[in-house]
Amino acid sequence: MSDNRSEYARRRAAFAAKIGDAVAILPSAPETIRTNDSHYLYRQDTDLHYLTGFDEPESVLVLAPGHATTKSVLFVRPRDPERETWDGRRAGVEGAVRDFGVDAAYPIGELDAKLPELLDSAPTLFYAFDRDDVFNRRIVSLLKGYRSSRRRADGGPLTLVDPSTVLHELRVFKSPADIEGMRRAGGISREAHVAAMACSRPGMHEYEIQAIVEYVFTSRGAQYPAYPSIVASGPNATILHYVSNRRRVGDDDLVLIDAGAEVDLYCADITRTWPMSGKFTPEQRAVYDIVLAAQARCIELCKPGVAFNTVVNEAATRVIAEGLIDLGLIKGPLDEAIASGAYKRFYMHRIGHFLGMDTHDVGSMREARDWRLLQPGMVLTIEPGLYVPDEDGIDARFRGIGVRIEDNLLITPGGHDNLTDGTPKSIEDVERTIAEGREARTPLPV
Ligand code: GLY
Ligand code: MN
Ligand code: MN
C-alpha cells in the first residue's frame, strides 16, 4: 500500500504533461532466478516505482493522457489466495485502484487484449527497449499488428520515443518528498559508517565489518544495501569495486568502506577510509590529506550555475595531481602532469554522479553538446580517491594504499546541503570515533 499517493499522482501528472497525446508503457522489472527455482530479492523497476509506488512484479503501467476516461492504468497480478499463501499479499485489481490512485486496473493477463483500446489513437509510443527482451517481443508484435492492418485502417503509433528523455529528466530534480527520503537513506548510512569505525576491532575480517554496516542498515528500516557493500582492507582498497570482502584486515591496514542504505528505494552512497590501528601512519595520512583536500575543494565549488563535469571534476584532478607531485609519485610541472594524464595511474575515475532512486542515478550530465550546469534539486556524489598500485617503480612506502572519501550533496539555491554530513571525515574525527568506540568497548549498535 502506498502512503504517498499525492506525490505519485504529481509525478504522473508532470510526466503526462510532457508526453501530451502519446501513450507510455512502463513494465515492472522481471524477476530473476538466483538458483534453481529461488529468485533474487525482488526490486521494482525504478521508473515504475517512481510513477506509482507499486512494487509488485508482473505489472505494467500504461499512461494515456489523451484517453477520454482511463489516463492511468495498472495491469497487475489478480488476487489468488493460494499463491498469496506462498509468495505474499497482492494488491489485486481493486487494491491497485484503491491504494495507488490510478484510473483503472486490470489483471495482467488482459494486457494484450486491452492495449489496443489505449493505444489505437496515440501518434507516439513511449517505451524503453533497453530493459526486458521478453517484454520487448510483446511490444514488437503489437507494432507489427498495427503495421499489417494499416492498409485497412488507421491506428497505432508511428513514432517511438525512449521515455528516459522525459522521465529521467524529471527524476534529476528532487521534490521535497524525494529529499526527505534521501536524507533518511543518508542518515542511516552515516550511522552505519560510524558504527563500523566504533565497533571494529583488530583481527576482524572484512565481512565482519560488512555485517556491522548492514546490521545498521536493516535494523534502521533499510530494505537493501543500495549496491553491494565494499569493505576493502589494505591493498584491496586499490580495487575500485572490490566486493568479495573475505580478507582478514591487517593490524596496520586502512579499511575503505563504500556502502549506502536503500530506504524505500532512495539510495545513499558514502565512502570512508580509516586505519584499523586507530591511527593513520605518516604515509596513510599523506595520501588521505590529498583526497580530503580534493573533496573539500569540490564541495566548496558545488552551487547552481557551476559545470559539474568540467569545473568540479577538474578541480579534483588539480588537487590530486598536485598532491601526487608533492609525494614524488608523479613528475611535475602540474599542467604537464594533467595534460599527459600521468595522475590517472592513481586516480582513474571521475568526481561523482547523480544519486537518487538508482545509485548511479539517471539523467544526462550533458545538455546539447555541453556539460550541464548544476541546478537546485540535483543530488550528486563527490568522491575523489587515490589508489596506489603495488607495482615496480612506485615508492614502496605508498604501495597498496587506497583512499576514497564520498559524500552526497543536494544542490540548493544558495549552494549545497551535504546530506551525509556528520559522517566522520577529518583525521581528528575519524581517530576520535575509533578511539571512543574502543574505550567504551562499544558493542553492536542496538
Ligand atoms: N558505490 C559506487 C560508487 O561510488 O559510485
Ligand atoms: Mn560509493
Ligand atoms: Mn558513488
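Computed over heavy atoms, backbone and side chain alike; hydrogens, waters and symmetry mates excluded. Atoms within each ligand, like the ligands themselves, are counted from 1 in listed order. In this chain, residues are counted from 1 in sequence order. This one's a predicted model, so the numbers in the text were calculated from it and none came from an experiment.
- Ligand 1 has no N or O atom lying under 3.5 Å from any N or O atom of H241, backbone or side chain.
- Residue-ligand proximity, H360 to ligand 1, at heavy-atom distances under 4.0 Å covers atoms 2 (C), 3 (C), 5 (O).
- At most 12 heavy atoms of other shown residues, nucleotides or ligands fall within 6.0 angstrom of atom CG in D392.
- Counting heavy atoms of neighbouring residues, nucleotides and ligands inside a 6.0 Å radius, atom CD of E391 exceeds 12 of them.
- Ligand 1 has H353 within reach: a non-hydrogen atom of the residue lies less than 4.0 Å from it.
- Checking each of R184, R171, R183, R11 against D178 for a salt bridge (Lys or Arg N to Asp or Glu O under 4.0 Å) leaves exactly one that passes, namely R11.
- No other N/O/S atom of D269 lies as close to the Mn ion (ligand 2) as OD1 does.
- Here E383 contributes OE2 and H353 contributes NE2, and at the Mn ion (ligand 3) these two atoms make an angle of 80°, given to 10°.
- Between E406 and ligand 1, at least one N/O pair is under 3.5 Å apart.
- Counting just the N/O/S atoms of E406, the one with the shortest distance to the Mn ion (ligand 3) is named OE2.
- Each of the following atoms of ligand 1 lies closer than 4.0 Å to a heavy atom of Y227: 1 (N).
- Less than 4.0 angstrom separates some heavy atom of E383 from each of these atoms of ligand 1: 3 (C), 4 (O), 5 (O).
- Look at H349 and you'll find every heavy atom at least 4.0 Å from all atoms of ligand 1.
- When each of D407, V255, T433 is checked for a side chain to side chain contact (heavy atoms under 4.5 Å, CB included) with R272, only D407 meets the rule.
- Using a cut-off of 4.0 Å between Lys/Arg side-chain N and Asp/Glu carboxylate O, K279 and D252 are scored as not salt-bridged.
- Of the heavy atoms in T359, none comes closer than 4.0 Å to ligand 1.
- Remark: E169 does not engage K18 in a salt bridge, criterion side-chain N to carboxylate O under 4.0 Å.
- Annotation for R366: atom CZ counts as buried by contact number, over 12 foreign heavy atoms lying within 6.0 Å.
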